[in-house]
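Treat the numbers as computed from the prediction; the structure is a model and nothing was measured.
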Amino acid sequence: MAQRSPSRGPLRRRLLLRAGPPLAAAALAAALLAGSGGNAAAGTASAPQFAALASTAPSGLPLVDPNAARSAGEAGPTFPAQPPEGASDWPVADSIRRLTLEEPGLQAWIARSSAGGVCVLLYDGV
């Protein structure tokens, strides 16, 4: 009698459960960008404009030295004050602005990209 291979159902379910929150966060970011009012003239080479990028409010995202050790008492997201060596497209640290989300446990920021576009930074608590 031929043996059946073990069911992959539980493994697939675990993978879907792990992938669910990041996929939902990406969909939420896409919806935020689509609804935030980019340039009306599609196809132009100018950078998109978003109201949050014009804010002068503090970002609420601490900028840190990526080479410095992080203390055990620090909680929450941080962002490197300088881009990693060799990064060709990176969020411009002083343009980072907080986005208001209605999704519990998810935080988001928007920033201008060093290549002229826009970046959305998401933090889901991990």
Side-chain angles (χ1 to χ4, degrees):
M1 175 166 32
Q3 284 188 335
R4 292 179 58 203
S5 63
S7 171
R8 293 185 186 199
L11 175 61
R12 285 184 182 154
R13 248 176 279 154
R14 280 195 310 257
L15 289 175
L16 285 175
L17 288 174
R18 287 179 131 174
L23 290 175
L28 180 62
L32 282 170
L33 288 176
S36 292
N39 282 345
T44 63
S46 62
Q49 301 300 312
F50 297 94
L53 288 172
S55 170
T56 57
S59 73
L61 185 62
L63 299 177
V64 298
D65 178 354
N67 299 317
R70 189 170 176 177
S71 72
E74 288 184 67
T78 59
F79 192 79
Q82 300 295 322
E85 188 175 322
S88 61
D89 188 11
W90 191 258
V92 177
D94 64 355
S95 74
I96 297 173
R97 296 296 178 255
R98 182 78 185 250
L99 293 173
T100 303
L101 301 180
E102 295 179 15
E103 183 66 31
L106 189 63
Q107 298 176 49
W109 293 263
I110 190 169
R112 295 197 186 285
S113 162
S114 60
V118 173
C119 299
V120 175
L121 313 167
L122 297 171
Y123 179 71
D124 66 356
V126 179

Peer 1: Would you say the side-chain atoms of Ser95 pair up with the backbone N or O of Arg112, donor to acceptor, closer than 3.5 Å?
Peer 2: yes
Peer 1: Look up atom CZ in Phe79 and atom CD1 in Ile96, then write down how far apart they are to the nearest 0.5 Å.
Peer 2: 4.5 Å
Peer 1: Considering non-hydrogen atoms only, spot the tightest contact between Pro80 and Leu63 and give its length.
Peer 2: O-CD2, 4.4 Å
Peer 1: Could you check if a side-chain atom of Pro77 sits within less than 4.5 angstrom of a side-chain atom of Trp109, using non-hydrogen atoms only?
Peer 2: yes
Peer 1: Quick one: CZ on Arg97 to CG on Leu61, what's the gap to the nearest 0.5 Å?
Peer 2: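 If I round to the nearest 0.5 Å, the distance is 11.0 Å.
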Peer 1: Please identify each residue that fulfils side chain to side chain contact (heavy atoms under 4.5 Å, CB included) with Ala52, with sequence neighbours left out.
Peer 2: Leu99, Ile110
Peer 1: What residues, two or more places apart in sequence or in another chain, satisfy side-chain hydrogen bond (donor to acceptor under 3.5 Å, both in side chains) together with Ser113?
Peer 2: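 Applying side-chain hydrogen bond (donor to acceptor under 3.5 Å, both in side chains) to Ser113 gives Asp89.
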Peer 1: For the residue pair Pro83 and Trp90, what are the closest heavy atoms and their distance?
Peer 2: CB-CD1, 3.4 Å
Peer 1: For Ser88 versus Ser114, what's the shortest heavy-atom pair and its separation?
Peer 2: O-OG, 3.6 Å
Peer 1: Under the side-chain hydrogen bond (donor to acceptor under 3.5 Å, both in side chains) test, which residues partner Arg98, sequence neighbours left out?
Peer 2: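 Counting only residues at least two positions away or on another chain, Arg98 forms a side-chain hydrogen bond (donor to acceptor under 3.5 Å, both in side chains) with Gln107.
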